[in-house]
Structure formats: C-alpha cells, structure tokens
2 protein chains.
Amino acid sequence: MTETVISSASKEIIIGFEHPFCLIGERINPTGRKLLAAEMAEGDYSRVESDAMAQVEAGANVLDVNAGIPLADEPRILAECIQLIQGLTDTPLSIDSSIVEALESGLSVYQGKALVNSVTGEEERLEVVLPLIAKHGAAVVAISNDETGISEDPDVRFEVAKKIVERAADYGIKPCDVVVDPLVMPVGALNDAGAQLMKLIRRLRDELKVNTTCGASNFSFGLPNRHGLNAAFLSMAIGAGLTSAIMNPLREQEMAAVKGADIVMGKDPNCAKWIKTFREPAAPGAESAGAGAGRREGRRRRRA
Amino acid sequence: MTETVISSASKEIIIGFEHPFCLIGERINPTGRKLLAAEMAEGDYSRVESDAMAQVEAGANVLDVNAGIPLADEPRILAECIQLIQGLTDTPLSIDSSIVEALESGLSVYQGKALVNSVTGEEERLEVVLPLIAKHGAAVVAISNDETGISEDPDVRFEVAKKIVERAADYGIKPCDVVVDPLVMPVGALNDAGAQLMKLIRRLRDELKVNTTCGASNFSFGLPNRHGLNAAFLSMAIGAGLTSAIMNPLREQEMAAVKGADIVMGKDPNCAKWIKTFREPAAPGAESAGAGAGRREGRRRRRA
C-alpha cells in the first residue's frame, strides 16, 4: 500500500489509495494574477496570508506555494512566504518552482517534510532536483514529460514516469515519495485526452503503484462551464485511481466532486465530512461550522 | 458489443458501451407529486405535456412514463399519456409500472420498441412480465432483487441479474434487450453502497456484458447537497460502465456530470454537445440554442 507522507512541524497528511483524496490548494501562485504578483514582489504578503487561510478553511489538505514572478528574487520571496504560512497554519506545503535555487531556499526554511513541485524526466532536471529531494528527505511531484516534450501517447508518459521513479531510487528516494503527475491535456484540443488519461492513471496505480496528482482545471481549458466539466473529470479520475490534485478548494462544484468521490469510494465514514462541508446553515445569523464552499452551496441551493 | 435499441415510430436510441450515455427523464411520475397525481387522475394531462417537452428540450434521450396513482385506473391513464406524449415528441419512451395490466395497456398503444420498466427476479414477476416483453418485442429493465429482497451483497445481486437474463433468453428475449438496474442504495444509511455498486457495475459490464441503468438520486437520500453528490456518483458510475440512468434532466449539476462523463470517455466528438448545452447565451434577448439546463448554468455562472 503506497503512502506518501507530507508533514508540517505538527501535522501529517497521507496521500494513498486507502486514504481520502488529498486536495492541494493551488491559489498561492502569482502566475496569471497580476495584483498578487505585484504585491508579492513588493514584499506585501497580505493576500498570500488570506489565500492560505481561505483555502485551509475550505478544506485544502496541502497548500501549494509558488513565487514565480518575472525579475523578482524568487528564492527569497518563496522562503519568506513559506515561513509566513507555516506561522499561520499547520497545513503541510508543496514548494512549487521551476527554479532550483528557489526550491533549495524553500526547503532550507521548511519545517517538516515538504512535497516539492516538481521534477520532470529531463536529465538536467533529474540531476539537480533529485539530490535536493534526497538531502531534505522530501517527496516530489514527477511530471511525465522529458526532453522530447509531452507525448500524446499515454504509454510513453508511463515510461517517463517509470524512469523518474527509478532514477529517484538511485538517489535513495523511495517510490512512495514520488507522486506522478500524468499531465492533463485540454480535451477541447485533444478529444481523447480524457479516455487516455483514465487509462494512464489506472496503469500508474496498478503497475507502477504510485500516488498521482494533476492540475485538473487544464482539462476544461477553452470550454464553457469549466467547473461542471472539471467536476466530472475529477470524480472520474479519482474513480480510476487519482489520489491527489492541485486545485482550487474555493470552487464548490469541484469540491463536491472530490468529496463526493470520497463517499462513493467508501472513504468518508458516515458521510461525516460531507455533512460538515455541505449541511445547511442552522438559522439566519447563526455561524455555520461548514467550510466556505459549503456555506456558499447552502445559500445557492436555497436560491435555486 | 451490447446495444439496446429503443425506438419510437420515427426515432431510434441506442444504449451501449460505445455510445453516449443514455439519459432517461424521470419527471413524468406522480409518485410524491400530489398535484400531478390529482391532475392525472382527473384526466388533465397538461403537466404531463409540459414535463415531457421540458425534458426533451433539456436533453433527455428517453422519457419514463409512470401513472401509478392509488385507486386510479392506471392502465387507461398510462395508455392515454403514452399516446399523448407520442403525439408530441419522437423521443422513445420507457413504460413504467408495477402493475402488469398497465404495462400491457401501455405496450398495446405504443408506437415503436419500448423500454419496459421493470421486471424483478421474483418468479411470479418473471412469469408474467417476460412473456409480455417477448410478445411486443420490447426491451426491459431488470431489477436485481428477488423474493428474498434486496441483498446488500453485490455478488448476490449479480446472480439475480444473471438469472433474469437467462430467464429472458428462455422467452426469446436477447441479453441486449435486458438493461440491468443494479439497485442504488442510500449511502447515508449504507456506507459502502458506492464502492460496492461500482464493483457490481463493472462486473455487469465485463462478465454479463449487459447495459445498465439506475435511479441515481437514491444514492444521496437524506444527505445535504444532493445534486453535488448525485453528480459525483453519476460521473463515477459512468466511468465504471453505467450506460444509462433514470434521472432529472432539468438539474444542471447532474446534467454536467453525465455530459462531462461523455467527454472524459471520448464520446462527445469536438465537445460539440457540451458546447451546445453549456455555451454562454449570445446576447441579452437573443435565443440560445442550448438546452434548458445550459441556459440556466450560463446565467448562474455569470452571477457567481
């Protein structure tokens, strides 16, 4: 039974086939968020703070932290954000950067066992990222592309994932500490993206026996009703074996998809988490114990 | 490749693993609808008419027609409703009753090849319903319970389904004309209802090779945010092999779940149906070509 343990100083999260789905909050990322990028570059982390707390309240199990701002001092900003967030919440973090110095800087201040996002199958990435993972005893997201790019053939992507797992082992990193991202392609451009991905997720679970993650929202790129399509995709991917995803926990339809999938898989005893998340507010003015997404859902349903 | 063909006088619908999911509209059913029941008993079928058209517009592929009103003349009312609906739409129908005389009366006026809902594995039901199916060349929903009730053991339910398929063959009814309902239990009461049902649906597809249907909304009985949970359940069940469901096509979240599942399974070329259903209205006042659910979704998303 493959279990990927991620931790902060005082809290452990397990990603695994027998565990509830692991929701990695994607919001702390300046890519495509101009205001956040400008604030972070100026050392104003107030939005990082509020995004962190909102995601935790909404049910994120891990928070992804990315500080990729052009021309900014990414290693310093990433480390500062990690220290700030770890002072606010015990939710474990995913340290997200394409710059090795930033990963190194983030790992050096991180309290606990981080998830590092990410390494690809490219030789030069493997050679610099994997020693860092080994040195810090972290876990790593392995993206299944290499020097030749992203293959449309799921069997090729499987082989790239397998290669990364094997190379990680050479550095003493256990397969359970490699979480494979099979790469979600936009189905609007590539019609069999869904069917092929489901097959690939099943192979990764059954043959390579690794945990998996993905950036789910990429699937619906360019199509209308993206939240509805993301929801169907997420539920089905979890049914096929997906054990975590980098996603927005503030989106109620996607949240219902992953929490509902836990129920269908028998991973929410007595539906307790579902009921806590989605129960109707008790009375006007009363404070609900449910998550942010749940409260909004309650209001929306009454209006419909 | 198992294909269940259902038809009206001029339109065919195929239920099958290689075909888009078949959505059977559940609305024309007086059970739990007091006003509709009273109207139908008095021969006022205006709501039957509007429910039929609304469901067709929203994307129902088949319409279930039930006239089960206590103390009313069900055989006559069912036949009248079938004739009325067949005069309005070419959408094939599912003739739904627990009274054999009503099934007989409905079948005798039906134009095309109907789906009959339903027969169970109980001996006395098999002996009266199956000859009727054979005589009219219809297809039949086979509910996997028998004299001993509904087993919580999915293997027992599989055996009941297998028995019905075999008994149907004795009457000359082909396995492709038996659509098995594996019976959806409320997960709030039975925690492993989802996991067991997914296994059962896979066995029905892989071993018995039959098409399947279910009353999906039963899964969420008693829980909050039923539409969100129904959506997750439906997407995952389709991923496991479910080929049709009796459901409400006017519910946008469930509709996104089944239309999204078609995309994930590679059954919506160029995402054309998805785009048609969910695209944003062109401009205020302009008429959208999308289905009812889609237009509501468009408005809702803009408001959110």
Side-chain angles (χ1 to χ4, degrees), chain A residues 186-189 191-198 219-220 222-240 251-253 255-271 274-280 290 293-294 296-298 300-301 303-304, chain B residues 186-189 191-198 219-220 222-240 251-253 255-271 274-280 290 293-294 296-298 300-301 303-304:
Chain A
V187 74
N191 254 237
D192 55 357
Q196 296 214 343
L197 195 71
M198 296 300 133
F219 187 70
S220 63
L223 292 172
N225 190 11
R226 292 191 64 175
H227 302 305
L229 186 51
N230 292 344
F233 169 79
L234 276 164
S235 297
M236 293 176 82
I238 295 171
R251 292 293 180 187
E252 64 197 54
Q253 227 168 327
M255 281 298 276
V258 303
K259 299 277 177 198
D262 273 346
I263 289 187
V264 175
M265 307 279 279
K267 293 178 182 177
D268 185 359
N270 301 315
C271 307
W274 180 271
I275 292 168
K276 188 179 173 218
T277 305
F278 293 111
R279 69 180 168 199
E280 300 281 343
R296 275 194 306 283
E297 173 67 17
R300 173 175 288 192
R301 275 189 298 132
R303 196 198 298 144
Chain B
V187 73
N191 254 237
D192 55 358
Q196 296 213 341
L197 196 71
M198 296 301 134
F219 188 70
S220 62
L223 292 171
N225 190 11
R226 292 191 65 175
H227 302 306
L229 186 51
N230 292 344
F233 169 78
L234 276 163
S235 297
M236 294 176 82
I238 294 170
R251 291 291 179 189
E252 65 197 54
Q253 226 169 327
M255 280 299 276
V258 303
K259 300 278 177 198
D262 273 346
I263 288 188
V264 175
M265 307 278 280
K267 292 179 182 175
D268 184 359
N270 301 315
C271 307
W274 181 271
I275 292 168
K276 188 180 173 216
T277 305
F278 293 110
R279 69 180 167 199
E280 299 282 342
R296 273 195 306 283
E297 173 66 18
R300 173 175 288 193
R301 276 189 298 131
R303 196 198 298 144

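Throughout, protein chains are lettered first and strands after them, A, B, ... in sequence-line order, and every chain is numbered starting at 1.
In this structure the side chain of B:F219 reaches within 4.5 angstrom of the side chain of A:V264, judged on heavy atoms. Residues A:V187 and A:L229 meet the side-chain proximity criterion, which asks for heavy atoms closer than 4.5 Å. Within the 4.5 Å cutoff, the side chain of B:I275 has heavy atoms near those of the A:P224 side chain.
In terms of non-hydrogen atom pairs under 4.5 Å with chain A, the most contact-rich of B:A231, B:A195, B:A240, B:G266 is B:A195. Chain B forms more heavy-atom pairs under 4.5 Å with one residue of A:G188, A:A261, A:A189 than with any other, namely A:A261. For the options B:A237, B:A256, B:A257, heavy-atom pairs under 4.5 Å to chain A are most numerous at B:A256. For the set A:P269, A:G239, A:A193, A:S235, the entry with the most heavy-atom pairs within less than 4.5 Å of chain B is A:S235. Ranked by non-hydrogen atom pairs under 4.5 Å with chain A, the options B:L234, B:N270, B:N230, B:D192 are led by B:N270.
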Given the rule in the side-chain contact (heavy atoms from CB on, under 4.5 Å) test, do A:F278 and B:L223 qualify, once you have shown the distances and angles that lead to the verdict? CA-CA 9 Å; A:F278 293 111; B:L223 292 171; over 6 Å; no
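Here the CG-CH2 distance, from A:D268 to A:W274, works out to 9.0 Å after rounding to the nearest 0.5 Å.
In this structure, the portions of A:M265 lying under 4.5 Å from any heavy atom of chain B include both its backbone and its side chain.
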